[in-house]
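This report concerns only the one structure given below.
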Amino acid sequence: MTDPRANEQFPTVQPSDAHRPQTRAVHPSVETPAGSRPLGVPIYQGHLFAFDDADALAAAFDGPGAPYMYGRIGNPTVTAFENAAAELEGGAGAYATASGMGAISAVLLALLRTGDHVIAQSCLYGGTWALLRDLRERWGVEVSEVSGDDPDEVRAALRPTTRLLYLETIANPMTQVADIPALAAVAREAGVITVVDNTFAPLLCRPLDLGADIVVHSATKYMSGHGDIVGGVAVFADHAVYRRVWDHAVEMGATADPFAAWLLVRGMATLPMRVERHSATALELARRLAAHPSVENVHYPGLPGHPQHELAGRVLSGGYGGVLSFEPAGGRDAGRTFSEAVRVARLAPSLGDTKTLVMHPASTSHRQLDADALAAAGIGEATVRVAVGLEDPDDLWADFEQALAKAAG
């Protein structure tokens, strides 16, 4: 994906020698390379671009692809990240946001109206469910839940007012896998847009190739890969849908920051190697945990015992992702003790970092739920989520073994 603005040549601007020092301080020279070009993406941190005539400035208000004018509407560094994300997912366009929830909000708020109906996978990210609940309460948007692997459920849930099917490639924290091809086919037959959160599976899955219409990412995670920014992006198969969301998102003000976009471009350069390492280490740890006498269950799509293992083999390619969860024997106390006892891994939220991060949902992210509510969400009281980093697998396993010994009492 190319941007016509990338080939424009801007003259070097020099202040006049006739101006006084105060004026020259306000107008330093703006250098444009001549005879060479930067090998990396420059950071365009400034938020304004100047024009030589009013008609050119007016044309800059026309939308994506127009000359840059104001940072909320467009920025060359942000465009570089958007182009990289669109190419990664095979999309016709992408819109970068200040967070993953910014991307999700931009899509849902742009495409839904009062009285619309959404079909959503029951195990979605909590922030997504919170937004859907808010839309239900304020706008009367109705939501039906489906498991994510049964097209007949989606077919039965369809209504004349259904506008969106919302899925996650790999769900958090129990690693359920959505049957994107089958479910998206049902939605497409009904004229319903399919949105897939692919945060857990960049490179491992290309939902647009499987029939989805929109892919969203919390770029904070694997796209960044270094735990140093917050960002998001939505990628679109159809340019008309992209423009519809773009118009709303620009007014909503969820625009990505150019420095964050620059860090995302940097992070994506190593994404293939990192995703391969995350996935390989996660599979190794899942196998070892499954064989450990103090572990009752392991949830990872790469294990043959996972309920969607065969489906994962069709939806994913090159690995099964860097997130797994498991239940140590001993219930809630054991899960909490393990998460506090790790020393190489860290007790922290998020994922896709260079460091391995662990969480005990029952005492942290889902602490408001009792045992029955946890069970309804498919989460055990002992469940520990592991977001595997880039450490040596043997060092991580030694850390897990000592933490399991403490959890066993």
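One-based numbering along the sequence shown.
- With hydrogens and angles left out, the side-chain atoms of T162 and H117 include a donor and acceptor closer than 3.5 Å.
- A salt bridge links R266 with D228: at least one charged nitrogen is closer than 4.0 Å to a carboxylate oxygen.
- Between D116 and R159 there is no salt bridge, since no side-chain nitrogen of the basic residue lies less than 4.0 Å from a carboxylate oxygen of the acidic one.
- Between H292 and F326, the ring center distance fails the sub-6.0 Å criterion.
- The residue from V235, L208, V195 that alone fulfils the side chain to side chain contact (heavy atoms under 4.5 Å, CB included) condition with I214 is V195.
- A distance-only check finds a donor-acceptor pair linking the side chain of S325 to the backbone of P173 [under 3.5 Å].
- No side-chain heavy atom of T383 sits less than 4.5 Å from a side-chain heavy atom of H360.
- Without hydrogens or angle criteria, Q402 side chain to A341 main chain gives a donor-acceptor distance under 3.5 Å.
- Heavy atoms from other residues, nucleotides or ligands lying under 6.0 Å from CD of E391 number more than 12.
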For side-chain hydrogen bond (donor to acceptor under 3.5 Å, both in side chains), just list the numbers for Y68 and T79, CA-CA rounded to whole Å, side-chain angles, deciding distance to a tenth of an Å, and then say yes or no. CA-CA 10 Å; Y68 296 105; T79 297; 2.9 Å; yes

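- Counting heavy atoms of neighbouring residues, nucleotides and ligands inside a 6.0 Å radius, atom CZ of R314 exceeds 12 of them.
- With a 4.5 Å cut-off on side-chain heavy atoms, R274 and L390 count as touching.
- R133 and E137 are not joined by a salt bridge, as no carboxylate oxygen comes within less than 4.0 angstrom of a charged side-chain nitrogen.
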Decide ring-ring contact (aromatic ring centres under 6.0 Å, His included) for Y222 and F200; before the verdict, give the C-alpha distance in whole Å, the side-chain angles of both, and the deciding distance to 0.1 Å. CA-CA 8 Å; Y222 291 106; F200 277 45; 7.1 Å; no

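- For T220 (side chain) and G231 (main-chain N/O), a donor-acceptor pair under 3.5 Å exists by modelled atom type.
- With contacts defined as side-chain heavy-atom distances shorter than 4.5 Å, the pair V216/V233 does not qualify.
- For R37, the CZ atom counts as loosely surrounded, since its 6.0 Å shell holds 12 or fewer non-hydrogen atoms of other residues, nucleotides or ligands.
- A donor-acceptor pair under 3.5 Å links the side-chain atoms of T337 to the main chain of D333, judged by distance alone.
- A donor-acceptor distance shorter than 3.5 angstrom exists from the side chain of T281 to the backbone of R277, with no hydrogens or angles considered.
- No side-chain donor-acceptor contact under 3.5 Å links T77 to the backbone of W262.
- Between V298 and V295, some side-chain heavy-atom pair lies under the 4.5 Å cut-off.
- For the residue pair T194/Y166, the side-chain donor-acceptor check at 3.5 Å is not satisfied.
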Where do R243 and D238 land on the salt bridge (charged side-chain N to carboxylate O under 4.0 Å, His left out) test, with the steps shown first? CA-CA 9 Å; R243 180 57 192 264; D238 180 75; over 6 Å; no

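- The local environment of CZ in R336 is sparse, with at most 12 non-hydrogen atoms from other residues, nucleotides or ligands closer than 6.0 Å.
- Side-chain contact between L311 and D149 is present, with at least one heavy-atom pair separated by less than 4.5 Å.
- Shown are V196, D209, N198, L165; of these, the side chain to side chain contact (heavy atoms under 4.5 Å, CB included) with I180 is made only by V196.
- With contacts defined as side-chain heavy-atom distances shorter than 4.5 Å, the pair M101/L131 qualifies.
- Salt-bridge annotation for R188 and D213: present, with a side-chain N of the basic residue lying under 4.0 Å from a carboxylate O of the acidic one.
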From CA spacing to verdict: side-chain hydrogen bond (donor to acceptor under 3.5 Å, both in side chains), S147, Q121: CA-CA 6 Å; S147 63; Q121 192 174 349; over 6 Å; no

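- Here the shortest heavy-atom pairing between A345 and V342 reads O-CG2, 3.6 Å.
- Between the side chain of D399 and the backbone N or O of R343, at least one donor-acceptor pair lies under 3.5 Å.
- No side-chain heavy atom of L285 sits less than 4.5 Å from a side-chain heavy atom of P393.
- Aromatic pair Y70/F49: ring centres not closer than 6.0 Å.
- Contact record, A201 with T169: CB-CG2, 3.9 Å, taken as the closest heavy-atom pair.
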Report the C-alpha distance between H226 and T354 in whole Å, list the side-chain angles of each, state the deciding distance to 0.1 Å, and finish with yes or no for side-chain hydrogen bond (donor to acceptor under 3.5 Å, both in side chains). CA-CA 6 Å; H226 294 77; T354 57; over 6 Å; no

Start with the C-alpha distance between E89 and H217, add both sets of side-chain angles, then the distance that settles side-chain hydrogen bond (donor to acceptor under 3.5 Å, both in side chains), and finish with yes or no. CA-CA 11 Å; E89 293 288 2; H217 282 268; 2.6 Å; yes

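- Considering only heavy atoms from C-beta on, L108 comes within 4.5 Å of L135 through its side chain.
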